[in-house]
Amino acid sequence: MVRYLVTSALPYANGPIHFGHLVGAYLPADVYARTLRMQGEEVLLVCGTDEHGVAITIGAEREQQPYAEYVAHWRTKIKASFDLFGIEFDVWSGTSISPFHVELSQEFFTRLDERGYLIQREIEQLHCPRCVRFLADRYVEGTCPHCGYEAARGDECPRCAKWLDPLAMLHPRCKVCGSTPTRKQTRHWYLDLPRLRDDKIGAWASGHEWKPNVAKFVANQLAEIEPRPITRDMQWGVPVPAARAGEQQGKVLYVWFDAPIGYISFTREWAKAQGRPQAWKDWWQSPDTRLVHFIGKDNIPFHCIVFPAMLHGVGQQYVLPWQVPATEFYNLEGKKFSTSAGWTIPPEEFAAQFDVESGRFYLLASMPETADSDFRWDEFQRTHNSLLADVIGNLATRVLRFQDKHYAGRIPALEPSYEAELDRVLLTECGSFADPAAHVREFRFRRAAEQLIENARVANVFVDRLAPWALQKTNPAKAASVLATCCEWLAYLAQWMAPFMPAKAQSLWSMLGLEGLVAGQGWPTLPVPGRYRRQLSGRKLGPVSALFPKLDDASIAAAIDRLKQATRS
RNA sequence: GGCGGUGUAGCUCAGUGGUUAGAGCGGCGGCUUCAUAAGCCGCAUGUCGGGGGUUCAAGUCCCUCCACCGCUACCA
């Protein structure tokens with residue numbers, strides 16, 4: 001049986017996440033997993049923080065915190081943001097605490113080395129004597145040798161936009177402490193990507209059916225692939241296995257190497273917690289698995305080439321990715337999200353002011369699927385008010401309040417002689433409806449969101465055409481049948497909504513007087529005349545309230561104001 | 001510089017080479033009163049960024065130019 005092993009890019013435990021992260025790799029993964037689960041698929045959604053690397057050591061030192069404490073703080077904080085937005089992982093961990101991570105990462109290193117996929121190179125790097133560490137390009141500042149610009153970055157000159165070799169930079173200084181770095185020889189292991197490409201991964205990657213926005217990247221990367229260093233001179237990380245290190249002491253695996261292995265370590269952690277320690281193999285080493293990586297486009301080379309090369313290189317029948325639905329970038333009001341500059345929307349702040357379910361819907365409806373896109377406050381308000389509140393929310397209240405008033409809060413009886421006519425009108429004459437899940441399976445979340453609204457409109461047209469308020473005076477039995485039919489549709493709507501807005505879907509489900517969890521009902525097949533009703537007549541409605549209270553202009557203006565304030569300070 | 005993306009109605013966008021290019025929002029007009037001043041129906045607006053080419057046929061394929069954006073890997 002097919003299994004869906006779904007991963008969301010491991011967030012780096014070095015700061016808070018914002019909407020750009022949510023919409024890129026986490027929300028779509030959550031919706032995808034929820035949808036497939038309702039359809040009866042076996043799904044595992046894996047995530048956790050990426051906690052190694054030099055940026056984290058610098059961050060922790062700045063905060064004067066031990067590394068472990070620093071990453072634990074962000075691990076918890078980031079998880080809290082996901083919880084607020086109803087993003088539910090089956091396992092959540094971190095690369096510095098996951099019990100299998102060190103062992104597994106070292107095993108990858110050892111096996112790749114044994115199988116001839118690692119090479120060693122001697123290189124010269126800048127080393128800061130005061131910080132006592134080698135400086136990554138981005139931590140070097142100096143004068144550009146091309147144009148003389150004095151605050152050039154180690155990797156690129158912002159003025160003349162030329163590539164820089166930090167070793168060639170004039171007057172280099174450590175970006176952290178300002179000291180003048182020295183040149184130092186060091187020896188590192190490199191992953192022999194050209195060889196892995198020629199062995200198998202190249203053919204696999206170029207033959208694989210990627211999403212269109214992924215395919216070009218992959219083709220390009222394959223052509224210019226080079227060996228990549230996978231070790232670093234530092235303490236914070238997974239130590240290079242002692243048996244392999246030889247005289248090269250004090251090195252750890254480079255963070256990009258161990259991070260994706262986290263997907264596997266975390267799965268093992270999950271398996272153990274299930275009491276079936278070997279179960280992780282069913283997911284990672286079974287040909288029945290469909291491995292889906294949700295990532296932002298910056299991660300494409302890793303997930304489409306480098307990590308597959310590693311998985312293949314160890315020769316243990318690991319599955320390779322089935323789909324990598326990479327998103328483009330999400331901006332805020334036309335500019336890049338920037339936590340440090342205050343150009344951001346902290347998830348907690350949003351959740352305190354607005355409806356997170358409505359936020360989920362808007363994010364998905366504006367997701368950068370094929371091109372970069374924007375979070376815009378006025379669009380959020382419009383989506384909330386004219387789609388969610390007016391089309392879905394108002395549909396529920398117009399139908400349910402009518403029944404509260406005239407049918408004592410019960411769903412009235414369906415008169416069998418009207419069933420065929422009402423089915424025909426609802427299902428063939430009130431507009432088109434379709435299964436949102438079909439779009440979700442194709443990673444078309446925007447379209448799925450549109451479809452959800454489209455499906456709700458059908459019932460609004462139905463109500464207008466049949467006008468039960470008028471029928472009530474002339475043909476009460478038919479009026480009752482119309483309302484009963486509307487309730488049937490609302491139940492469908494609740495199910496269709498469930499992956500996008502789980503809590504709202506549940507509220508609607510309860511208003512209809514239905515028991516249990518809507519997410520536990522399975523996914524409905526599309527309504528077909530004569531065979532779609534669950535016979536809700538007679539059921540006592542739950543308390544009816546507005547699903548989506550309108551958002552007024554003032555609260556949106558206030559949010560925009562906060563954004564501007566934060567930028568100024 | 002290299003690579004990639006985007007450019008379609010006032011706004012946000014959809015559009016497997018094939019009828020008069022579509023949707024939502026916004027605008028205007030009408031209907032309705034069950035409902036969250038909600039709903040429904042109808043109307044309007046396009047040099048499909050410019051130019052060239054291939055084709056019986058181009059928003060769609062090719063070339064070129066323009067504009068905006070992103071990436072450019074020992075950051076993760």
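Chain identifiers are assigned alphabetically (A, B, ...) following the order of the sequence lines, protein sequences preceding nucleic acid strands; residue numbering begins at 1 within each chain.
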Could you list the donor-acceptor pairs under 3.5 angstrom formed between side-chain atoms of residues 543-554 of chain A and any protein atom two or more places apart in sequence or on another chain?
unit_1: A:Lys550; atom_1: NZ; unit_2: A:Asp390; atom_2: OD1; d: 3.0
unit_1: A:Asp552; atom_1: OD1; unit_2: A:Ala554; atom_2: N; d: 3.4
unit_1: A:Asp552; atom_1: OD1; unit_2: A:Ser555; atom_2: N; d: 2.9
unit_1: A:Asp552; atom_1: OD1; unit_2: A:Ser555; atom_2: OG; d: 3.0
unit_1: A:Asp553; atom_1: OD1; unit_2: A:Gln381; atom_2: NE2; d: 2.8

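- Remark: the separation of the P atoms in B:A14 and B:A23 is 16 Å, to the nearest Å.
- The C1' atoms of B:C41 and B:C48 are separated by 29 Å, rounded to the nearest whole Å.
- Annotation: B:U19 and B:G59 have their C1' atoms spaced 16 Å apart (nearest Å).
- Pairs passing the side-chain hydrogen bond (donor to acceptor under 3.5 Å, both in side chains) check and including a residue from residues 46-60 of chain A, sequence neighbours excluded, read A:Thr49-A:Glu51, A:Glu51-A:Arg75, A:Glu51-A:Ser96, A:His52-A:Asp258.
- With a 4.5 Å cut-off on side-chain heavy atoms, A:Glu333 and A:Trp343 count as touching.
- Aromatic rings of A:His293 and A:Tyr263 (six-membered ring for Trp) have centroids within the 6.0 Å cut-off, being under it.
- Counting non-hydrogen atoms under 4.0 angstrom, A:Thr370 reaches the backbone sugars and phosphates but no base.
- Atom CZ of A:Phe445 is separated from atom C1' of B:A14 by 18 Å (rounded to the nearest Å).
- Only the C1' atoms considered, B:G17 is 7 Å distant from B:A58, to the nearest whole Å.
- By the 6.0 Å contact criterion, CD on A:Glu209 is open, its count of non-hydrogen atoms from other residues, nucleotides or ligands being 12 or less.
- Rounded to whole angstrom, the span from the CG atom of A:Asp298 across to the P atom of B:U72 amounts to 8 Å.
- The number of heavy-atom neighbours closer than 6.0 Å to CD of A:Gln235, taken from other residues, nucleotides and ligands shown, is 12 or below.
- Side-chain contact check for A:Lys251 and A:Thr186: at least one donor-acceptor pair (N or O, by modelled atom type) lies under 3.5 Å.
- Residue A:Tyr139 places none of its side-chain N or O atoms closer than 4.0 Å to OP1 or OP2 of B:C74.
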Going 5' to 3' through nucleotides 30-46 of chain B and flagging B where a protein heavy-atom sits under 4.0 Å of the base, S where only the sugar-phosphate is that close, and - otherwise, we get --SSBBB-SBS------

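- The P atoms of B:U55 and B:G15 are separated by 28 Å, rounded to the nearest whole Å.
- Distance noted for atom P between B:G70 and B:G50: 24 Å (whole Å).
- When each of A:Arg228 and A:Tyr12 is assigned the nucleotide of RNA chain B with its nearest heavy atom, A:Arg228 is the one assigned upstream, toward the 5' end.
- Phosphate proximity of B:C71 to A:Lys336: present, with a side-chain N or O under 4.0 Å from OP1 or OP2.
- You'll find the ring centres of A:Trp489 and A:Phe433 inside the 6.0 Å limit.
- Between A:Arg447 atom CZ and B:G15 atom C1' there is a gap of 8 Å when expressed in whole angstrom units.
- For B:C71 and B:U45, the P atoms lie 41 Å apart once the distance is rounded to whole Å.
- Using a 4.0 Å heavy-atom cutoff across all strands shown, A:Arg444 reaches sugar-phosphate atoms only and no base atom.
- We find that CD of A:Glu328 is positioned 10 Å from C1' of B:U6, with the value rounded to whole Å.
- Inter-residue side-chain proximity for A:Cys128 and A:Cys177 is flagged as met; some heavy-atom pair is nearer than 4.5 Å.
- Sequence order on RNA chain B of the closest nucleotides to A:Phe302 and A:Asp374 puts A:Asp374 first from the 5' end.
- Comparing the same atom, P, in B:U33 and in B:A44 gives a spacing of 28 Å after rounding to whole Å.
- Set against B:A73, B:A76, B:G15, the side chain of A:Glu226 has B:A73 as its closest nucleotide.
- Looking at RNA chain B, the stems built from 3 or more consecutive Watson-Crick or G-U wobble pairs, each pair with its key distances under 3.5 Å, are B:1-7 with B:66-72, B:10-13 with B:22-25, B:27-31 with B:39-43, B:49-53 with B:61-65.
- Taking the ring centroids of A:Phe375 and A:His18, they lie at or beyond the 6.0 Å cut-off.
- Test A:Asn299, A:Ile305, A:Ile300, A:Asp298 against A:Phe302 for side-chain contact (heavy atoms from CB on, under 4.5 Å) and you get one pass: A:Asn299.
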Using a cut-off of under 3.5 Å, enumerate the N/O to N/O pairs linking the protein to nucleotides 19-23 of chain B.
none

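- For A:Arg376 and B:G24, the CZ to P distance is 19 Å, given to the nearest whole Å.
- Qualifying salt bridge (Lys or Arg N to Asp or Glu O under 4.0 Å) partners for A:Asp464, counting only residues two or more places apart in sequence or in other chains: A:Arg398.
- A:Tyr117 carries A:Arg195 over the face of its six-membered ring, with the cationic atom under 6.0 Å from the centre and within 45° of the normal.
- Rounding to whole angstrom units, CD of residue A:Glu442 and P of B:U16 are separated by 13 Å.
- Spacing between atom CD of A:Gln381 and atom P of B:G24 amounts to 20 Å, rounded to whole angstrom units.
- Rounded to an integer number of Å, the gap from CG of A:Leu387 to C1' of B:C25 is 8 Å.
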